[in-house]
Chemist: 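Once you've had a glance at the structure underneath, I'll fire off some questions.
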Amino acid sequence: MTSEQDDRAFRALTQQITRARGLACDSYKDRCLRRRIAVRMRARGVHSFTDYGRLLDQDAREYDLLLDALTINVTKFFRNLETWRALAPRLAQRWTARRGEVRAGSAGCASGEEPYTVAVALAETARRLGQEGLLGRARVDATDIDRTSLERTRAAEYGEAAFTEMPAELVRRYFTAELPRRPLPALQRIVRVAKHDLTSESPPAPPYDLVVCRNVVIYFDRPMQERLFSLFADALAPGGVLVLGKVETLFGPARERLVLEEPRERIYRRPAS
Ligand SMILES: C[S@@+](CC[C@H](N)C(=O)[O-])C[C@H]1O[C@@H](n2cnc3c(N)ncnc32)[C@H](O)[C@@H]1O
């Protein structure tokens, strides 16, 4: 097969996936898509994109397995602990200014470890300020495109492996002791879980004091990344903070609108005025 035929067959397959499941494949990097589709093709013993497309038509369950493979959902509580440490004084500042009415979003939240990390960080802020009673005023929107991930976020049950980066003291303070561990009800009450496709929908409830979108845009091509960065800048309240993943960098028009406050931790702020 020539590389042109291969490209055509690949395009036809990604269009089929978009039609069937609404995933905007053309916003993801080709390299990423190809690698992950190849994993599924190998698993099913299929050797061409065309044959894999036929298989998808015959076996709807394969779509679920493929979408799981495409929307990789590796995550942990307090992933990159230093980032959360750098965020803590900013949350405290925001908390004080907003008297606890902090709106946060975790976009691409996978199985919920990230939004619950935000909830713990907010609870810690409230505790340090002696304002635990105000925690109920905060809200964390946990969103993802992947249904299975959202079900896990709603179930909020976690094995030991999810906690390897989280300080033990915080695990004891905010999670049940027995496994699977669950976040305390006060945290569960402030996390709202909703399906949301970053490539086609605006952030659910702006303005946000904090938007955390880490290790998600890396799978998108540059035009989509640039669009999302502008959407995040729009969604932030003046003075609000954006956190990207450690290997992700803001560029495009949003770069002019947001100030890079912590280069290593990819923490940006929308100026207050
Ligand atoms: C590697 S995980 C990142 C989890 C978490 N943010 C972290 O850094 O630990 C990537 C997540 O992005 C989600 N995702 C991929 N495409 C998406 C889209 N178009 N809209 C919303 N979420 C998406 C995946 O389903 C997956 O849960």
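When a ligand or atom number is given, it counts from 1 through the structure's own listing order.
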Chemist: One thing to verify: whether Arg90 and Glu261 come together as a salt bridge, which I'm taking to mean a side-chain N less than 4.0 angstrom from a carboxylate O.
Modeler: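 Salt bridge present between Glu261 and Arg90.
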Chemist: Is it true that Arg21 and Asp64 make a salt bridge, defined as a side-chain N closer than 4.0 Å to a carboxylate O?
Modeler: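 Judged by the 4.0 Å cut-off on N to carboxylate O distance, Arg21 and Asp64 do form a salt bridge.
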Chemist: Is a side-chain donor-acceptor pair under 3.5 Å present for Glu262 with Tyr268?
Modeler: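 There is no such pair (donor and acceptor under 3.5 Å, judged by atom type) between the side chains of Tyr268 and Glu262.
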Chemist: Does the Lys NZ or Arg CZ of Arg34 fall within the cation-pi geometry relative to Phe10 - under 6.0 Å from the ring centre and within 45° of the axis?
Modeler: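 Judged by the rule (NZ or CZ under 6.0 Å from the ring centre, within 45° of its axis), Arg34 counts as positioned above Phe10.
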Chemist: For ligand 1, would you mind listing the residues that have at least one heavy atom less than 4.0 Å away, ordered by chain and number?
Modeler: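 Only Tyr28, Thr71, Ile72, Asn73, Val74, Thr75, Arg79, Gly108, Ala110, Glu114, Asp144, Ile145, Asp146, His196, Asp197, Leu198, Thr199, Arg214, Asn215, Val216, Tyr219, Phe220 have heavy atoms that fall under 4.0 Å of ligand 1, ordered by chain and number.
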Chemist: Restricting to non-hydrogen atoms, name the atom on Phe78 and the atom on Pro167 that form the minimum distance, rounded to 0.1 Å.
Modeler: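 Looks like CG-CD, 4.4 Å.
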Chemist: In terms of relative ring orientation, are Phe77 and Phe163 parallel, tilted or perpendicular, with 30° and 60° separating the classes?
Modeler: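 Parallel: the ring planes of Phe77 and Phe163 meet at under 30°.
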